[in-house]
Amino acid sequence: MPNKLRVVVSGDFLTPDGQPVYPQFDIGPLVGRPDIDLRYLENLPEIRGEQVENADALILSDARITADSFHHNGRLAVIARFGVGYDKVDIDACNKNAVALVITSEGVRRPVATSILLLMLALTGRFLEKQALGRAGPAGWARAAEFHGTGLAGKMLGSIGLGNIGAELFRLAAPLEMIPIAHDPFVDRSVANSLGVELLDLETLIRRSDILAVNCPLMPSTWHLMDARRLALMKPTAYLINTARGGIIDQAALTDCLRARRIAGAALDVLEMEPPAFDDPILTLDNVIITPHALCWTDQLFADCAKADVDAVLAVLHGKAPRGLVNREIVGDQRWRSKLETLAAHMHAKP
């Protein structure tokens, strides 16, 4: 074991001229420590095994993690990802190489839930249309009566997923007096009960929701979960919101649905292809709000996510299991436990 433990940071945290892409993502607590060597990696779309050969921990932004992202020496102990999405991370490869994957659930919980609320209010209040009228002078103002919004009291607020973000959405929306319903086959029912949320099967949820928010992770079982058949189950007056991952919705089917006005509208912070092609037909529709997978980005989000990643790295380097573990089964892996013991012994060794 070298004199210093090494923490590496994926190169996509830096601009081409070496400036931080996210200045408020502060990993300062790891900088300048006599026991930690912190380095940024070359910015590649996929982390390579040779990049982490001498690393104990990796702080990851958007680069992919595949089976080829691990060095055969097995030194790497933890990958701490910025955000909660891990569809670009091969979990099986992490387990095979005895590497813990950590996400920053607490850092994104409130900002993402707030973003969903913002989109819901924009859709139901017909914000885009009314803003256009407000900028159109007297002629626009004269048409204000043509664009009535939708009141929310008594409406069904549905969530596909009742994890941290889904639960926070219902907490924030409680004063609006909507009826909370959700689908989540993995949730502890006591969580739903504490929030007053009725759990339903997926298709019943889709049929009953006036506002339907996607709050589940992207994985093989949720790819195109909202396909043409399920989109057809939605009320014609309903709105669909997705701030999770674009692939959970069949975008071509949604485009057809919106074009035919079979639902009232949609709001998407995520798309199947990001950024979208300039000629993507969904960009031409006037009944969809599209934002560039950044609506939740606030000073608080970056600060809290950075703190969560730093805390996770330091926990592992001190031989402790971090918060935010995705592959919880790693805790029982003796190979990973041995890594923790070695790291802890090194951190606590006297000079």
Side-chain angles (χ1 to χ4, degrees), residues 1-13 25-44 46-84 86 88-107 305-351:
M1 177 69 69
N3 293 330
K4 292 186 177 184
L5 300 181
R6 176 167 291 180
V7 178
V8 294
V9 184
S10 60
D12 46 0
F13 276 108
F25 188 88
D26 181 17
I27 56 174
L30 299 175
V31 177
R33 289 181 53 138
D35 52 356
I36 292 178
D37 176 21
L38 186 141
R39 301 186 184 185
Y40 284 86
L41 302 178
E42 180 185 359
N43 187 5
L44 300 173
E46 176 184 316
I47 300 296
R48 296 176 179 173
E50 61 268 23
Q51 291 183 293
V52 298
E53 177 181 0
N54 298 312
D56 300 292
L58 165 65
I59 297 177
L60 179 72
S61 181
D62 201 45
R64 289 189 175 277
I65 297 291
T66 70
D68 295 325
S69 300
F70 301 88
H71 195 270
H72 59 78
N73 66 9
R75 176 171 167 176
L76 187 66
V78 62
I79 298 171
R81 191 184 182 279
F82 160 44
V84 292
Y86 51 90
K88 292 184 177 181
V89 178
D90 187 331
I91 302 295
D92 290 338
C94 289
N95 289 334
K96 182 178 179 181
N97 289 276
V99 175
L101 173 65
V102 175
I103 55 176
T104 56
S105 301
E106 287 305 305
C305 286
K307 183 180 186 304
D309 277 342
V310 168
D311 288 349
V313 167
L314 290 175
V316 170
L317 295 185
H318 282 90
K320 300 175 182 179
R323 296 183 64 186
L325 268 175
V326 173
N327 52 339
R328 297 174 185 270
E329 60 273 24
I330 202 76
V331 173
D333 189 323
Q334 185 53 48
R335 297 173 300 160
W336 190 65
R337 302 301 308 180
S338 295
K339 291 182 184 182
L340 294 190
E341 292 169 6
T342 301
L343 290 168
H346 185 275
M347 291 292 281
H348 298 145
K350 295 181 180 180

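Keep in mind the model is a prediction, meaning the values are calculated, not measured.
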Q: Is the shortest heavy-atom distance from the side chain of Leu325 to the side chain of Asn327 under 4.5 Å?
A: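 A side-chain contact under 4.5 Å exists here.
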Q: Answer yes or no: is there a side-chain heavy-atom contact under 4.5 Å between Asp35 and Leu317?
A: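 Side-chain contact under 4.5 Å: no.
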Q: Roughly how far, to the nearest 0.5 Å, is the CD1 atom of Ile65 from the CD atom of Glu46?
A: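 Glu46 CD to Ile65 CD1: 8.0 Å, rounded to 0.5 Å.
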Q: Please say which of Val84, Ile79, Ile91 ends up in a side-chain contact (heavy atoms from CB on, under 4.5 Å) with Val326.
A: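 Only one of Val84, Ile79, Ile91 forms a side-chain contact (heavy atoms from CB on, under 4.5 Å) with Val326, namely Ile91.
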Q: Nearest 0.5 Å, what's the CG-OH distance between Leu101 and Tyr86?
A: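 It comes to 8.0 Å.
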Q: When rounded to the nearest 0.5 angstrom, what is the spacing between SG in Cys94 and CG in Leu76?
A: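 Reported value, rounded in 0.5 Å steps: 8.5 Å.
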Q: Side chain of Ser10, backbone of Ser61: donor and acceptor closer than 3.5 Å?
A: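 Yes.
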Q: Looking at Arg6, I want to see if its CZ is surrounded by more than 12 non-hydrogen atoms of other residues, nucleotides or ligands under 6.0 Å.
A: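 Yes - once you tally the heavy atoms of other residues, nucleotides and ligands closer than 6.0 Å, there are more than 12.
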Q: Considering only NZ, NE, NH1 and NH2 on the basic side and carboxylate oxygens on the acidic side, decide whether Asp62 and Lys88 come within less than 4.0 Å.
A: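 Counted as a salt bridge, because a side-chain N and a carboxylate O are separated by less than 4.0 Å.
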Q: Quick one: list whatever passes side-chain hydrogen bond (donor to acceptor under 3.5 Å, both in side chains) with Asn73, sequence neighbours left out.
A: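 Checked Asn73 against side-chain hydrogen bond (donor to acceptor under 3.5 Å, both in side chains); matches are His71.
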Q: If you measure from NZ on Lys339 to CG on Asp333, what distance do you get to the nearest 0.5 Å?
A: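 Here the rounded value is 8.5 Å.
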Q: Enter the distance from Ser69:OG to Arg64:CZ here, rounded to the nearest 0.5 Å.
A: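 Answer for the OG-CZ pair, Ser69 versus Arg64, is 10.5 Å.
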Q: Given Val9 and Leu30, is the side chain to side chain contact (heavy atoms under 4.5 Å, CB included) satisfied, shown in steps?
A: CA-CA 11 Å; Val9 184; Leu30 299 175; over 6 Å; no
Q: Give a yes or no on whether the backbone of Glu42 and the side-chain of Gln51 come within a donor-acceptor separation of less than 3.5 Å.
A: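 Flag set: sc Gln51 to bb Glu42 pair under 3.5 Å.
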Q: Quick one: pull up CD1 in Ile47 and CG in Asp68 and give me the separation to the nearest 0.5 Å.
A: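 Ile47 CD1 to Asp68 CG: 12.5 Å, rounded to 0.5 Å.
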Q: Are any side-chain N or O atoms of Trp336 and backbone N or O atoms of Val331, one a donor and one an acceptor, separated by less than 3.5 Å?
A: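 Here the side-chain-to-backbone pair does not exist.
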Q: Should Asn54 and Asp37 count as side-chain neighbours, where that means a heavy-atom distance under 4.5 Å?
A: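 No, side chains not in contact.
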Q: Return the orientation label for the Phe13 and Phe25 ring planes: parallel under 30°, perpendicular over 60°, tilted otherwise.
A: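 Geometry flag for Phe25 against Phe13: parallel rings.
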Q: Please identify each residue that fulfils side chain to side chain contact (heavy atoms under 4.5 Å, CB included) with Asp90, with sequence neighbours left out.
A: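 Side chain to side chain contact (heavy atoms under 4.5 Å, CB included) check on Asp90 returns Asp92, Ala93.
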Q: Over all heavy atoms of both residues, which pair between Ala321 and Leu340 is shortest? Give the atoms and the distance, please.
A: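 Taking every non-hydrogen atom into account, N-CD1, 4.3 Å.
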Q: Any side-chain heavy atom of Arg33 within less than 4.5 Å of one from Leu314?
A: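 Arg33 vs Leu314: side chains touch.
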Q: How about Leu41 and Leu58: do any of their side-chain heavy atoms sit closer than 4.5 Å?
A: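 They are in contact (side-chain heavy atoms under 4.5 Å apart), so the answer is yes.
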Q: Side-chain contact test, heavy atoms from C-beta onward, threshold under 4.5 Å: evaluate it for Thr342 versus Met347 and give yes or no.
A: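 They are not in contact (no side-chain heavy atoms under 4.5 Å apart), so the answer is no.
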Q: Can you find a heavy atom in the side chain of Arg75 that is under 4.5 Å from one in the side chain of Asp56?
A: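 Answer yes - side chains close enough.
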Q: If you take all heavy atoms of Cys305 and Thr104, which pair is closest and at what distance?
A: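 Scanning both residues, the minimum pair turns out to be SG-OG1, 3.3 Å.
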Q: With no hydrogens and no angle check, is any side-chain donor or acceptor of Arg335 less than 3.5 Å from a backbone partner on Lys96?
A: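 Yes: the side chain of Arg335 pairs with the backbone of Lys96.
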Q: Is there a side-chain contact between Val313 and Asp309, using heavy atoms and a 4.5 Å cut-off?
A: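 Side chain of Val313 against side chain of Asp309, heavy atoms only: no contact under 4.5 Å found.
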